[in-house]
Protein chains: 2
Amino acid sequence: MLPITLKELAAELGLSPTTVSRALNGYPEVNEATRARVAQAAARHHYRPNTRAKALATGRAMAIGHVIPISTQHEIVNPVFADFIAGAGEVYSREGYDMLLSIVPDAEQARTYREIRAKGTVDGVIVHGPKEDDARITLLVELGLPFVVHGRSTEAKVPYSWVDVNNARAFQRATEFLLDLGHRRIALVNGLEFMDFAIRRRRGFEAAMAARGVACDPMLMVQGEMTEAQGAHAARAMLALPDPPTAFLCSSLLSAMGVRREVEAHGLKLGRDISIVTHDDELGYLRNGEAEPIFTATRSSVREAGRRCATMLLGIIAEPASAPRHEMLEAVLVVGRSTGPAPSSAR
Amino acid sequence: MLPITLKELAAELGLSPTTVSRALNGYPEVNEATRARVAQAAARHHYRPNTRAKALATGRAMAIGHVIPISTQHEIVNPVFADFIAGAGEVYSREGYDMLLSIVPDAEQARTYREIRAKGTVDGVIVHGPKEDDARITLLVELGLPFVVHGRSTEAKVPYSWVDVNNARAFQRATEFLLDLGHRRIALVNGLEFMDFAIRRRRGFEAAMAARGVACDPMLMVQGEMTEAQGAHAARAMLALPDPPTAFLCSSLLSAMGVRREVEAHGLKLGRDISIVTHDDELGYLRNGEAEPIFTATRSSVREAGRRCATMLLGIIAEPASAPRHEMLEAVLVVGRSTGPAPSSAR
DNA sequence: AATCGATCCCAAAGCGCTTTGGATGCTCAA
DNA sequence: TTGAGCATCCAAAGCGCTTTGGGATCGATT
């Protein structure tokens with residue numbers, strides 16, 4: 001059962017394809033009575049214009065590309081990606097856009113963007129997981145393909161549009177919060193520090209420590225893929241130190257869960273013996289408690305970020321000549337049961 | 001900087017578009033010398049045929065659609081989805097296909113498939129998250145859109161192609177394993193039981209219990225969104241029962257982590273006081289330990305399932321008249337540190 | 001009665017590609 | 001010498017849609 005075409009629909013109605021097209025696209029030069037007739041027939045047949053033909057005729061693909069980097073060593077897809085996509089997808093489907101996904105090893109990113117541009121399958125792209133100095137940004141500017149970066153690239157030399165969480169401030173505040181509770185031995189369990197967000201988080205942490213004249217101990221700072229295992233490993237190693245941390249600052253709920261496991265395995269009690277603050281992306285399947293948060297956390301919805309990115313990109317596509325846009329999301333610090341005053345003297 | 005078109009390329013080479021097209025597509029009726037010239041020029045200009053035009057001309061979109069249902073109550077995107085997509089994406093990019101994503105509330109599924117079909121944006125679709133009696137299957141058959149279901153739909157009345165894990169057998173074996181260890185009070189922490197996989201898992205569990213003449217206690221069976229919180233909740237409630245379980249069978253690593261947390265919070269030791277077996281989808285960011293598994297688990301890579309589904313679908317598209325295809329993946333039971341003999345008498 | 005504007009509709013071109021059905025030489029056997 | 005056969009190439013149509021540039025029709029205006 002082949003889908004009905006515009007021409008067939010026109011034939012059935014005794015109209016020209018032109019008129020049917022205009023009727024359906026809301027042009028004024030068509031009688032309201034015939035427009036109604038057309039609309040009715042279209043609905044009856046479940047008619048939808050063929051996207052490929054429409055795209056070819058209009059020059060607009062009505063599709064947005066998401067190029068998801070996949071780290072070649074670990075073959076891991078960033079777990080925030082599903083939620084981000086869900087947020088962006090809401091916006092796209094509301095605006096009649098399709099979403100095109102490419103999951104591409106780091107090494108092939110440039111080639112992929114070139115191809116996407118040449119093949120003309122999308123009107124714009126979202127850049128995921130920017131590094132500190134990300135070559136994709138220059139490339140995309142050069143290619144003239146509209147794009148929005150989810151995150152930033154500190155070292156980028158050209159202006160570009162982005163939506164980002166204020167990672168530095170979030171981690172600075174989290175650190176201050178722990179310092180205020182009397183903690184001095186604070187561990188940082190961070191993401192991979194070639195990722196821009198991870199660098200900013202570390203800087204925020206360091207800035208807060210420096211401002212209070214507390215030294216950062218390299219032994220208490222790790223980076224890595226943000227998994228449960230990472231958190232557990234880090235905690236195990238650090239708790240075995242002669243001068244172990246009294247608090248952990250984690251970049252992800254999964255890491256925090258790993259830390260918690262190890263903490264409890266040591267017979268220590270969370271919020272009394274050891275404090276944990278974590279960043280919380282508010283992933284659908286990984287909630288930080290319900291009404292009351294389990295972990296004290298810097299919270300920022302990655303799904304909302306997806307919505308914002310998509311909205312911004314569609315705006316840019318609608319107004320290509322406009323200046324680069326930026327949107328900074330502030331994480332809120334929510335206090336849960338995982339933090340408490342530093343254990344006074346005893347150790 | 002607009003991408004170069006076939007016509008322009010032809011003009012530059014002093015050839016007709018026809019010849020250039022044939023040269024690039026490997027048709028025999030073109031001189032090898034000119035083919036080389038064409039190929040070289042194409043490479044120099046990073047030429048790629050415009051997908052929309054090509055699709056329109058050939059009638060093949062060279063794209064596969066994934067329609068991801070989003071449960072309207074919880075707004076949760078199934079966490080396995082990222083890994084599945086990654087697996088499928090590998091296959092697509094290798095075969096020159098694009099991947100189109102629609103994230104759609106349950107209620108709009110039918111409309112979405114209709115639209116996808118009419119708009120002609122894809123050559124086939126993957127159906128995610130089948131229910132016990134899934135209307136999408138009949139609809140897709142009726143629409144004549146090639147598809148593969150990831151999972152099965154027990155009550156479906158028409159033949160269709162699927163790739164599935166043998167969920168029943170996996171959970172049956174897991175249950176037998178626990179029974180062999182002497183457990184009798186076994187709790188099932190399942191996914192939502194309108195999902196086909198969850199039903200099969202329950203049946204496997206029940207079959208194993210029945211075969212040993214052990215009664216299933218409804219108080220020890222819960223279903224729900226498979227999150228850490230779910231596991232913790234379930235465990236808390238069940239451990240408070242007068243006759244608490246000695247073992248938990250979980251449908252997801254996240255649930256299992258929740259159960260573990262609650263178990264440890266009760267001062268019980270995993271593998272000695274309480275056993276846990278879980279299903280493990282081998283998600284990239286949620287590994288069940290490294291060399292040695294943490295949880296005893298029925299393991300089956302969802303990423304591999306993605307690869308299989310994609311491969312099958314491309315096969316069906318290449319050979320549309322062929323009979324429905326099926327592929328059953330067997331989960332392996334890996335033994336970790338979370339299981340041990342049922343605590344003898346003491347309670 | 002002739003002109004003019006609206007109003008409503010249509011023919012045809014074009015988007016960038018593939019593909020059908022030749023056209024043009026050139027070689028080689030009869 | 002001729003025509004069959006082959007190797008190479010090309011013109012043009014067509015995929016399903018939008019859009020440009022009119023063409024009717026008709027009531028209103030002069």
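Here is the naming used below: chain letters follow the sequence lines, and residue numbers restart at 1 for every chain.
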Next item on the list: Would you kindly compare N31(B) and L56(B) by the position of their nearest DNA chain D nucleotide and give the one closer to the 5′ end?
Entry: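 Taking each residue's closest nucleotide, the earlier one in sequence belongs to N31(B).
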Next item on the list: For A53(B) and for K54(A), find the nucleotide of DNA chain D with the closest heavy atom, then tell me which residue's nucleotide is more 5'.
Entry: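 This one resolves to A53(B).
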Check: Along DNA chain D, 5' to 3', what are the outermost nucleotides having an atom less than 4.0 Å from a heavy atom of chain B?
Finding: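 Result: dT8(D) to dG16(D).
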Check: What pair of heavy atoms forms the shortest contact from I64(A) to V125(A), and how long is it?
Finding: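 Reported closest heavy-atom pair: CG2-CA, 4.4 Å.
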Margin query: Can you give me the closest heavy-atom contact between A310(B) and I126(B), atom names plus distance?
Written below: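 Looks like N-CD1, 4.4 Å.
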Classify the nucleic acid contact of [X] as base, sugar-phosphate or nothing, counting any heavy atom under 4.0 Å across all strands shown.
| X | value |
| --- | --- |
| T5(A) | sugar-phosphate |
| S21(B) | base |
| T18(A) | base |

Note to self: Hydrogens and angles aside, do D196(B) and T154(B) bring a side-chain donor and acceptor to less than 3.5 Å of each other?
What the structure shows: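 T154(B) and D196(B) do have a side-chain donor-acceptor pair below 3.5 Å.
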Margin query: Side chains of H45(B) and E12(B) only: does a donor on one sit below 3.5 Å from an acceptor on the other?
Written below: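 Checked: H45(B)/E12(B) side chains pair up, N/O donor to acceptor below 3.5 Å.
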Notebook entry, point to check: Over how many whole Å does the gap from R22(A) atom CZ to dA11(C) atom P extend?
Noted result: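 Distance check: R22(A) CZ to dA11(C) P gives 14 Å.
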Note to self: Between H66(A) and F81(A), is the ring centroid distance below 6.0 Å?
What the structure shows: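 No: the rings miss the under 6.0 Å criterion.
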Checklist line | R60(B) backbone acceptor or donor facing R52(A) side chain under 3.5 Å | finding: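 No.
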Margin query: Check this one for me: any side-chain N or O of T19(A) less than 4.0 Å away from OP1 or OP2 of dC8(C)?
Written below: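 For T19(A), the contact criterion (side-chain N or O under 4.0 Å from OP1 or OP2 of dC8(C)) is not met.
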Next item on the list: On DNA chain C, check which nucleotide each of S16(A) and I4(B) is closest to and give me the residue with the more 5' one.
Entry: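 Its nearest nucleotide being more 5', the pick is S16(A).
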